[in-house]
Asks: 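I'd like to ask some things about the structure below.
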Amino acid sequence: QVQLVESGGGLVQAGGSLRLSCAAPGRTGSSYGMGWFRQAPGKEREFVAAISWNGGSTYYRDSVKGRFTISRGNAKNTVYLQMISLKPEDTAVYYCAASRIGIAANTAPGYDYWGQGTQVTVSS
């Protein structure tokens with residue numbers, strides 16, 4: 001079982017920024033496709049952004065395009081989600097996910113491993 005380690009959540013005012021990080025252990029982590037999902041209270045988990053193993057492909061849900069950026073660190077086994085112009089509707093628990101086949105999937109079944117989640121709260 002691969003344990004993904006997330007960090008960077010917190011409380012921010014509307015219009016503010018946060019950066020989430022997710023580390024996949026070991027050198028195999030650099031071969032995973034990585035994604036971010038979120039789940040707000042009373043709602044289903046939804047796709048946010050994804051990046052392929054080499055960073056060559058990225059995908060975003062429409063509501064975050066232009067505000068969120070997913071990227072990989074130099075070591076490739078860490079992925080970041082830079083969030084700017086945050087809105088109250090972005091409030092949710094954000095989950096990192098990893099795909100062994102290295103693709104940037106936009107649905108949950110495309111991922112094999114999941115992090116524990118980090119809370120992001122945007123106040124109005």
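Just so it is clear, the structure is predicted and the values come from calculations on it, not from any experiment.
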Asks: First locate atom CD1 of I103, then atom CD1 of I51, and finally report the distance between them rounded to the nearest 0.5 Å.
Replies: 13.5 Å

Asks: Looking at Q116, I want to see if its CD is surrounded by more than 12 non-hydrogen atoms of other residues, nucleotides or ligands under 6.0 Å.
Replies: no

Asks: Main chain of G9, side chain of T118: is a donor-acceptor contact present, judged purely on distance under 3.5 Å?
Replies: yes

Asks: Could you state the interatomic distance from CZ (F68) to OG (S85), rounded to the nearest 0.5 Å?
Replies: 9.5 Å

Asks: Do N106 and Y60 make a side-chain contact, defined as non-hydrogen atoms from C-beta onward lying under 4.5 Å apart?
Replies: no

Asks: To the closest 0.5 Å, what do you measure between CZ (R19) and OG1 (T69)?
Replies: 11.5 Å

Asks: Work out which heavy atom in V120 is nearest to a heavy atom in M83; give both atom names and the distance.
Replies: CG2-CE, 4.0 Å

Asks: Check R72 against G55 and note the closest heavy-atom contact, atom names and distance.
Replies: CD-N, 4.1 Å

Asks: State, to 0.1 Å, how close A50 and A105 come at their nearest heavy-atom pair, and which atoms those are.
Replies: CB-O, 3.3 Å

Asks: Under a 4.5 Å cut-off applied to non-hydrogen side-chain atoms, are T91 and Q119 in contact?
Replies: yes

Asks: Within this structure, what is the OH-CD distance for the pair Y95 and E6, rounded to the nearest 0.5 Å?
Replies: 8.5 Å

Asks: Answer with yes or no after comparing the ring centroid distance for F37 and Y111 against a 6.0 Å cut-off, counting only values under it.
Replies: yes

Asks: Is there a chain of hydrophobic side chains (I, L, V, M, F, W, Y, each step under 4.5 Å between heavy atoms) that links V48 to I70?
Replies: yes

Asks: So do the side chains of D90 and R67 get within less than 4.5 Å of each other, counting heavy atoms only?
Replies: yes

Asks: State yes or no: do Y113 and F47 share one hydrophobic cluster built from I, L, V, M, F, W and Y residues joined by side-chain heavy-atom distances below 4.5 Å, directly or via other members?
Replies: no

Asks: What's the spacing between L81 CG and Y94 OH if we round to 0.5 Å?
Replies: 7.5 Å

Asks: Give me the atom names and distance for the closest heavy-atom approach of A24 to Y32.
Replies: CB-CD1, 4.0 Å

Asks: Identify whether L20 and Y80 are in the same connected component of the hydrophobic contact network (ILVMFWY, side-chain heavy atoms under 4.5 Å).
Replies: no

Asks: Please find the pair of heavy atoms, one from T78 and one from A23, that lie closest to each other, and give the distance.
Replies: OG1-CB, 4.1 Å

Asks: Any side-chain heavy atom of V64 sitting closer than 4.5 Å to one from R38?
Replies: yes

Asks: Would you check if V79 and W36 make a side-chain contact, meaning some heavy-atom pair closer than 4.5 Å?
Replies: yes

Asks: Any idea which heavy atoms bring G117 and V93 closest together, and the distance?
Replies: CA-CG1, 3.8 Å

Asks: Look up atom OG in S31 and atom CD1 in I101, then write down how far apart they are to the nearest 0.5 Å.
Replies: 11.0 Å

Asks: Kindly say whether G33 contributes a backbone atom to a donor-acceptor pair with the side chain of S99 at under 3.5 angstrom?
Replies: no

Asks: Report yes if some heavy atom in the side chain of P25 is under 4.5 Å from a heavy atom in the side chain of V2; otherwise report no.
Replies: yes

